[in-house]
Chemist: 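The structure under discussion is supplied below as structure tokens; questions concerning it will follow.
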Amino acid sequence: MSSRPNTDPTTAGSPDTPQPAPCLSRFVEAGGLRLHYLDYSLDGDARDRPAMLCLHGGAANGHWFDFVAPGLTADYHVRALDQRGHGDSAWADPPEYSYARYAADLAEVAEKLDLRDFILVGHSMGGTVSLEYAAAYPGRVGRLIIVDSTLQMTADRVATLRDVGSRQGSNYATREEFVERYRLRPAGTLAAPEVVGHLARHGARKLSDGSWRHKFDRNVYATRETTDGLPCWNHIRIPALLVKAQRSARISPQVFAEVQARCPHVELAEIPDSDHHVTLDNPAAFVRAVRAFLDRHS
């Protein structure tokens, strides 16, 4: 395991613009790959705090949690993992990006970091991975938070993602051009431009020819599979929270009712003024909802 400081001093804006938390960049081996994670707890008291591990969505990375970490690190030892094929983690060759594989990676990471009774937070694809892990590997995770995830990945949706993944990605002559052209997908984010710029700077990879590209492996999408996360809820016995973005339809009343039928103790929190990228759109409200849930189940 290694570490190096990881900060972004160029993020600036009005006093109301959220600021990213400083963090350490660390690595751990899992699934035969070198996986990268961010550790937001920089003081020596982190071991005395409950552990929290955060999982990003598809084509994203751990920095999606930079803006909520400041509201959590005082009471929790917060880490954010770059899942295989994303961020600064290694790519799988040949491609191996099934949800089961991601969950198996997570099981190894939890064991190697000695995470016990930890809080697992997963956004979008990371929420599906978190749900599968909690159902298949019970015993270590103590509280589960699923953030605006698509719980049933249909064949039509998978076909769209595979089509995106099969296309050649764009190259950019400079990092500045990459940052200027960078856009969040899906569109509709309410995040401040400084927040999006911060993610862009952490989302660019320089190639051997000097050009810049997105850090994630496009095979993540090209090999995406259909999945139904609803049966996993039959096996969730720990406190669980579904976080819905106000402007997103992923967690509809019908979806929540189906989840609740399988897991009656699950709770729901809706984050105002947010679309799919909840932790970026309204980090303060997200932190309040998470803290309220954790306070109820401390």
Chemist: For F65 and Y40: C-alpha separation, side-chain torsions, deciding distance, then whether side chain to side chain contact (heavy atoms under 4.5 Å, CB included) applies.
Modeler: CA-CA 10 Å; F65 296 93; Y40 297 101; 4.0 Å; yes
Chemist: Looking at D114 and R116, does any basic side-chain N land under 4.0 Å from a carboxylate oxygen?
Modeler: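 A salt bridge links D114 with R116.
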Chemist: Looking at S130 and L55, what are the two nearest heavy atoms and their distance?
Modeler: OG-CD1, 3.5 Å
Chemist: Show your reasoning for whether ring pair (Phe, Tyr, Trp, His ring centres under 6.0 Å) applies to F67 and H198.
Modeler: CA-CA 10 Å; F67 298 92; H198 172 85; 5.0 Å; yes
Chemist: Do W212 and L207 have side-chain heavy atoms sitting under 4.5 Å apart?
Modeler: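 Not in contact.
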Chemist: If you round to the nearest 0.5 Å, how far is CZ of R218 from CH2 of W91?
Modeler: 9.5 Å
Chemist: Determine whether L184 and L199 make a side-chain contact, defined as any pair of heavy atoms from C-beta on separated by less than 4.5 Å.
Modeler: yes
Chemist: Give a yes or no on whether the ring-centroid distance for H276 and H123 is below 6.0 angstrom.
Modeler: yes
Chemist: F216 vs H86 aromatic rings, parallel, tilted or perpendicular, using cut-offs 30° and 60°?
Modeler: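 If you compare the ring of F216 with that of H86, the planes turn out parallel.
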Chemist: For the side chain of S298 and the backbone of L294, is there at least one donor-acceptor N/O pair under 3.5 Å apart?
Modeler: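 Side chain of S298 to backbone of L294, a donor-acceptor pair under 3.5 Å: no, none is there.
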Chemist: Is a side-chain donor or acceptor of Q246 paired with a backbone partner of D273 at a separation under 3.5 angstrom?
Modeler: yes
Chemist: Could you tell me whether a side-chain N or O of R237 sits under 3.5 Å from a main-chain N or O of N234, the two making a donor and an acceptor?
Modeler: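 A pair under 3.5 Å: yes.
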Chemist: So, D82 and S89: side-chain donor and acceptor under 3.5 Å apart, yes or no?
Modeler: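 Short answer, no.
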Chemist: Apply side-chain hydrogen bond (donor to acceptor under 3.5 Å, both in side chains) to residues D281 and S274 and explain how you reach the verdict.
Modeler: CA-CA 5 Å; D281 290 357; S274 68; 5.5 Å; no
Chemist: Evaluate the criterion side chain to side chain contact (heavy atoms under 4.5 Å, CB included) for residue pair R79 and M52; output intermediate values, then yes/no.
Modeler: CA-CA 6 Å; R79 303 175 179 96; M52 176 184 291; over 6 Å; no
Chemist: Can R101 and D105 be counted as an ion pair, charged N to O under 4.0 angstrom?
Modeler: yes
Chemist: Ignoring hydrogens and geometry, is there a side-chain-to-backbone donor-acceptor pair from E177 to A173 under 3.5 Å?
Modeler: yes
Chemist: Might you confirm whether atom CD of E29 has over 12 heavy atoms from other residues, nucleotides or ligands at distances under 6.0 Å?
Modeler: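 Yes, enclosed.
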Chemist: On a heavy-atom basis, which atom in V78 and which in C54 lie closest, and how many Å separate them?
Modeler: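 Smallest heavy-atom distance, with atoms named: CG1-SG, 4.2 Å.
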Chemist: So that I can tick it off, tell me whether E111 and R140 are bridged by a salt bridge, with the cut-off set at under 4.0 angstrom between side-chain N and carboxylate O.
Modeler: no
Chemist: Is the closest side-chain heavy-atom distance between L72 and V287 below 4.5 Å?
Modeler: yes
Chemist: Counting distance only, does the side-chain N/O of Y37 pair as donor-acceptor with the main-chain N or O of L24 below 3.5 Å?
Modeler: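 No, because the side chain of Y37 does not come within donor-acceptor range (under 3.5 Å) of the backbone of L24.
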Chemist: Looking at S124, is its backbone amide N or carbonyl O close enough to the side chain of D148 to form a donor-acceptor pair, meaning the two atoms are under 3.5 Å apart?
Modeler: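 Not a single qualifying donor-acceptor pair exists.
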Chemist: Give the intermediate values and the outcome of side chain to side chain contact (heavy atoms under 4.5 Å, CB included) for residues L53 and L106.
Modeler: CA-CA 10 Å; L53 185 64; L106 178 53; 3.4 Å; yes
Chemist: So that I can tick it off, tell me whether R84 and D217 are bridged by a salt bridge, with the cut-off set at under 4.0 angstrom between side-chain N and carboxylate O.
Modeler: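 Between R84 and D217 there is no salt bridge, as every charged N stays at least 4.0 Å from the carboxylate O atoms.
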Chemist: Using a 3.5 Å distance criterion without hydrogens, assess whether the side chain of R213 forms a donor-acceptor pair with backbone atoms of A204.
Modeler: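 It does not hold such a pair.
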Chemist: Between Q83 and M125, is the side chain to side chain contact (heavy atoms under 4.5 Å, CB included) condition met? List the steps.
Modeler: CA-CA 10 Å; Q83 299 182 82; M125 183 196 83; 3.5 Å; yes
Chemist: With sequence neighbours excluded, tell me which residues meet ring-ring contact (aromatic ring centres under 6.0 Å, His included) with F118.
Modeler: none
Chemist: CG/D39 to CZ/R26 distance, rounded to the nearest 0.5 angstrom?
Modeler: 4.5 Å
Chemist: Distance check, rounded to the nearest 0.5 Å: E267 atom CD versus R296 atom CZ?
Modeler: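 If we round to the nearest 0.5 Å, E267:CD and R296:CZ are 4.5 Å apart.
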Chemist: Below 4.0 angstrom, N of the basic side chain to O of the carboxylate: do K215 and D88 qualify?
Modeler: yes
Chemist: Does the H214 side chain pair with the main chain of A60, one donor and one acceptor, at a distance under 3.5 Å?
Modeler: no
Chemist: Between CD1 of I146 and SG of C232, what distance do you get to the nearest 0.5 Å?
Modeler: 9.5 Å
Chemist: Taking atom types as modelled, is there a side-chain donor on S248 or D275 under 3.5 Å from an acceptor on the other?
Modeler: no
Chemist: Taking atom CZ of R291 and atom CG of D75, what is their separation to the nearest 0.5 Å?
Modeler: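 Rounded to the nearest 0.5 Å, the CZ-CG separation comes out at 4.5 Å.
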Chemist: When you measure from the side chain of S149 to the backbone N and O of L151, does any donor-acceptor pair fall under 3.5 Å?
Modeler: no
Chemist: Grab the two heavy atoms, one from V129 and one from A103, that are nearest each other, plus how far apart they are.
Modeler: CG1-N, 3.9 Å
Chemist: Look up atom CH2 in W64 and atom NE2 in H56, then write down how far apart they are to the nearest 0.5 Å.
Modeler: 9.0 Å
